[in-house]
Structure formats: C-alpha cells, structure tokens
Amino acid sequence: MTVERPLLRLRLVRSDLPEGEISLSDLSRVAGATQTFVRQIVGNLVGQRRPGAPAKAVLEASQLRLVGLRAGSTILEIAGASPDAGLLEFDIPTDLTEITFDMLMDGLGALVSASDEEPAELPVGFDDRLMGDFDVWLRSMRRYESVALESHVGGRVKQAASNPEAARARLKGVSPQPVMPFVSPSQQALEGKLYALNLNTGSFHVEDDAGHKIRTVLSPESRNSASLLVSRRVRAIGKPDLDEAGRIRSFQVDVIGPAPDLEGLSEQKSFFDVHELEIKPPPGDSGSIKEWAIGGLSDGEADDFMSALAEA
C-alpha cells in the first residue's frame, strides 16, 4: 500500500506577480531556503545538527521535492519524504517528516496569532539557532506581501498566513524553547539541572539551559536513584506531553542519569581560545623582563626593526 506523502502548499502573494508565475531567481531562493529550514528542523529533532554535511538520516528525512506549481497567486506544492521512504534503517521516527511539517506550521501559526498583549510562544524545539533559521527563511520571502502555508499531514490540514516582515518582527520578541531530540523512534531526551523532587509523587522539575523549568514525572522504580542527582545536571529519557500547539506541559521519564558536565567541556574547549602571550626572560636571568628589553626606540625605528626580522 502506498503511503500518502506529507504535502506543503506555499502560497506567495505579490500585486505585480502574474498568476501562477515566479521568476527562476525567486524560485531558487525560496525553495532553497525552505529546504534548508526543514533540514535544520529535522537536525534539531534528532540531535544531529552539526557543521558541514548533514548526517544521512537527516538528509533522507528532510528531502523535499517540488511536485506542483499552480495559480492562485503563485502556489508551490512541496512534498516531503513518506514514512515508507527507507527511514526504517535509521534509529529515528518514521513519521519525522510529518512531525517537522507540524512544527513548521505551528511555529508560523504562533507568530500569526501573537499580539502586543500575548507574545508568541513557539513549539518545543525552537532554540536560539532554529529561531535564527526561522528568520532567514522568512527573509527569503520578504519581497512578497503575504505568505500562506497549508500542510496536509496524515489526513490533517493546517493553515497559517502572514506578511513575512511582520512575522520577523514578532519573532524578535520570542523566547527560545527547550530542545528534546529523539534518541529512539519513540523516546526523546531532556537535559538540565534537577532542582526539585517529590519522592512521594515522583514529580520534580528540570531547568534546561535556556532557563525553562519543566515538570517531569518519574516511575516509582527510578525515584530513589533520582534523589541522588538533585542539584546536578541530568539527562532524562522519556516522552514529553505537548499541547496542540507543540508546547510542553510535562515530561514522563523512563530513565534518568547524570549528564555531561558543561564546565568540564568548557575547560576542554578553552584550549582553543585565544590566550595572551607571556614572554619569559632568558634562563638564568632573575631580573625583570624590562631590564633586557630594548628601549628608547621611536615608532619608525621599531617598524624598521620588525621589517628586518620579517626579511631575515
């Protein structure tokens, strides 16, 4: 049985644009930005976002194809990978494209529904980097008066429309959200500091790196071991409970343990930081470095001296 592929309809509206037409340069820019943004969402979702070439799983799950170009201003019909597109060989959800399209739609929908009184709250997964990617995607369509998205995913239809520049302005006032990458097709990971615990109910909170306090619940078998991790950085594996807009309500924990120490990692990274050069006096010289330095040179003489060293 053929599985229906997830579909996006991207409608671009500009008063001087003929029905159903788009310049090749605009098509290349918008299509390229859309492909890049979807690929970055997928990378965030599976914790495989990295510099350079994307992982094979990310490439396979995020591959988009232009399957139609229609009038109605100009509508690009974009299909994603279907659940039976060979994703079973990777340890990721087979419906990852559907999850990605939902996340894209809910993100744009949050910006559309935002107001001065109620700022937008993006779905889980939109961290600092992905919010920057969101802005780049919207900027690729800044020449258009309106951009509308319609997704067809698993029999569900979602719609959202906005002026790209207005959406970008609202995005500036949004706070980053927690990132909970998939570690298996059915489980996600949450990292942060375990700062409160109720052993009777198994309810506690984890504060992630963005400062979000996330209510999490442990199974009775894990509560005693979790009590030893209070005030430490932990990595929890389980399933989040999200609302219809993709915002987290709680996190059901299956396994919890200590997470890598960020301070230790930062010490390792500091090896590559720029350090101030310290010049030591010659061996056997216990005097001040100033006593054996050449002094009294004018700026011109110093430049001549450095030039002579360079030519030596």
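- With hydrogens and angles left out, the side-chain atoms of Gln177 and Asp127 include no donor and acceptor closer than 3.5 Å.
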Report the C-alpha distance between Met105 and Val153 in whole Å, list the side-chain angles of each, state the deciding distance to 0.1 Å, and finish with yes or no for side-chain contact (heavy atoms from CB on, under 4.5 Å).
CA-CA 11 Å; Met105 293 299 308; Val153 175; over 6 Å; no
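- Contact of the Arg139 side chain with the Val136 side chain is registered, since non-hydrogen atoms from C-beta on lie closer than 4.5 Å.
- In this pair, Phe134 and Phe37 present their aromatic rings parallel. The plane angle is below 30°, not in the 30 to 60° band.
- In this structure, Tyr195 and Lys213 have side chains that are in contact, with non-hydrogen atoms separated by less than 4.5 Å.
- Closest of all the heavy-atom pairs between Glu19 and Gly72 is OE1-N, 2.8 Å.
- Residues Val183 and Met180 are members of separate hydrophobic clusters, defined by side-chain heavy-atom contacts under 4.5 angstrom among Ile, Leu, Val, Met, Phe, Trp and Tyr.
- Between Leu111 and Ala167, the closest heavy-atom pair is CD1-O, 3.7 Å.
- Closest approach of Ser73 to Val13, counting heavy atoms only: OG-CG2, 3.6 Å.
- No side-chain heavy atom of Asp133 sits under 4.5 Å from any side-chain heavy atom of Thr36.
- A donor and an acceptor atom, one from each side chain of Thr216 and Gln252, are nowhere located under 3.5 Å apart.
- No donor-acceptor distance shorter than 3.5 angstrom exists from the side chain of Ser151 to the backbone of Leu8, with no hydrogens or angles considered.
- Interatomic distance, OG of Ser162 versus CZ of Arg168, reported as 12.0 Å (0.5 Å rounding).
- Using a 4.0 Å cut-off between charged side-chain N and carboxylate O, Asp106 and Lys158 make a salt bridge.
- Across Ile22 and Leu17, no two heavy atoms sit closer than the pair CA-CD1, 4.3 Å.
- In this structure, Arg233 pairs ionically with Asp209, as a charged nitrogen and a carboxylate oxygen lie closer than 4.0 Å.
- No path of Ile, Leu, Val, Met, Phe, Trp and Tyr side chains, each step under 4.5 Å between heavy atoms, connects Leu7 with Leu66, placing them in separate hydrophobic clusters.
- Ion pairing of Arg249 with Asp243 is absent here, as no side-chain N (NZ or NE/NH1/NH2) approaches a carboxylate O to less than 4.0 Å.
- Met131 is listed as a side-chain neighbour of Pro176, based on a closest heavy-atom distance under 4.5 Å.
- A heavy-atom distance below 4.5 Å is not found between the side chains of Pro181 and Gln188.
- Considering Asp102, Asp95, Thr97 as possible partners of Ile99, the one that fulfils the side chain to side chain contact (heavy atoms under 4.5 Å, CB included) test is Asp95.
- Between Asp135 and Lys172 no salt bridge is recorded (no basic side-chain N to carboxylate O distance below 4.0 Å).
- Annotation: side chain of Leu171 is in contact with side chain of Leu122 (closest heavy-atom distance under 4.5 Å).
- Between Asp16 and Arg143 there is no salt bridge, since no side-chain nitrogen of the basic residue lies less than 4.0 Å from a carboxylate oxygen of the acidic one.
- Note that CZ of Phe126 and CD of Glu121 are 12.5 Å apart. Values are rounded to the nearest 0.5 Å.
- Under the 4.0 Å criterion applied to side-chain N and carboxylate O atoms, Glu150 and Arg11 are not assigned as salt-bridge partners.
- Hydrophobic clustering places Phe251 together with Val206 (ILVMFWY residues linked when any side-chain heavy atoms are closer than 4.5 Å, directly or through intermediates).
- For the residue pair Met141 and Val30, the shortest heavy atom distance occurs at CG-CG2, 3.9 Å.
- Counted by atom type alone, Ser225 and Ser222 present zero donor-acceptor pairs between their side chains at under 3.5 Å.
- Not a single donor-acceptor pair under 3.5 Å links the side chain of Asp208 to the backbone N or O of Gly192.
- The line from CD of Glu98 to CZ of Arg5 is 12.5 Å long, rounded to the nearest 0.5 Å.
- A donor-acceptor contact shorter than 3.5 Å is absent between the side chain of Arg70 and the backbone of Ile75.
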In sequence, state the C-alpha distance, the side-chain angles, and the governing distance for Leu96 and Thr94, and then conclude on side-chain contact (heavy atoms from CB on, under 4.5 Å).
CA-CA 6 Å; Leu96 191 57; Thr94 56; over 6 Å; no
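- Within 6.0 Å of atom CZ in Arg65, 12 or fewer heavy atoms from other residues, nucleotides or ligands are found, so the atom counts as exposed in its surroundings.
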The test is side-chain contact (heavy atoms from CB on, under 4.5 Å); show your working for Leu64 and Val38 and say whether it passes.
CA-CA 8 Å; Leu64 303 180; Val38 167; 3.9 Å; yes
Run Leu76 and Arg9 through side-chain contact (heavy atoms from CB on, under 4.5 Å) and show every step you take.
CA-CA 6 Å; Leu76 308 182; Arg9 287 197 175 99; over 6 Å; no
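- For Ser140 (side chain) and Trp137 (main-chain N/O), a donor-acceptor pair under 3.5 Å exists by modelled atom type.
- Separation of atoms CG (Leu10) and OG1 (Thr74) is listed at 10.0 Å; rounding is to 0.5 Å.
- The hydrophobic cluster containing Ile237 does not contain Leu229, counting ILVMFWY residues as joined when their side-chain heavy atoms lie under 4.5 angstrom apart, directly or transitively.
- Side-chain contact of Tyr144 with Asn163: a donor-acceptor pair under 3.5 Å is absent, judged by distance alone.
- Under the 4.5 Å side-chain heavy-atom criterion for grouping Ile, Leu, Val, Met, Phe, Trp and Tyr, Val230 is connected to Ile214 within one hydrophobic cluster.
- Residue Val217 comes nearest to Arg215 through the heavy atom pair CG2-NH1, 3.7 Å, listed as atom of the first residue, atom of the second, then distance.
- In this structure, the separation between CZ on Phe182 and NZ on Lys239 is 10.5 Å, given to the nearest 0.5 Å.
- A distance-only check finds a donor-acceptor pair linking the side chain of Ser62 to the backbone of Val58 [under 3.5 Å].
- Between Glu165 and Arg142 no salt bridge is recorded (no basic side-chain N to carboxylate O distance below 4.0 Å).
- At a threshold of 4.5 Å between non-hydrogen side-chain atoms, the residues Phe204 and Ile256 count as touching.
- Between Arg14 and Glu145, none of the side-chain N atoms (NZ, or NE/NH1/NH2) sits under 4.0 Å from a carboxylate O, so this pair counts as no salt bridge.
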Could you walk me through whether Lys193 and Glu207 pass salt bridge (charged side-chain N to carboxylate O under 4.0 Å, His left out), step by step?
CA-CA 5 Å; Lys193 184 178 180 181; Glu207 183 173 348; over 6 Å; no
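- Taking 4.5 Å as the limit, every side-chain heavy atom of Gln187 sits out of range of all side-chain heavy atoms of Val255.
- Between the CZ atom in Arg170 and the CG atom in Leu108 there is a gap of 10.5 Å [rounded to 0.5 Å].
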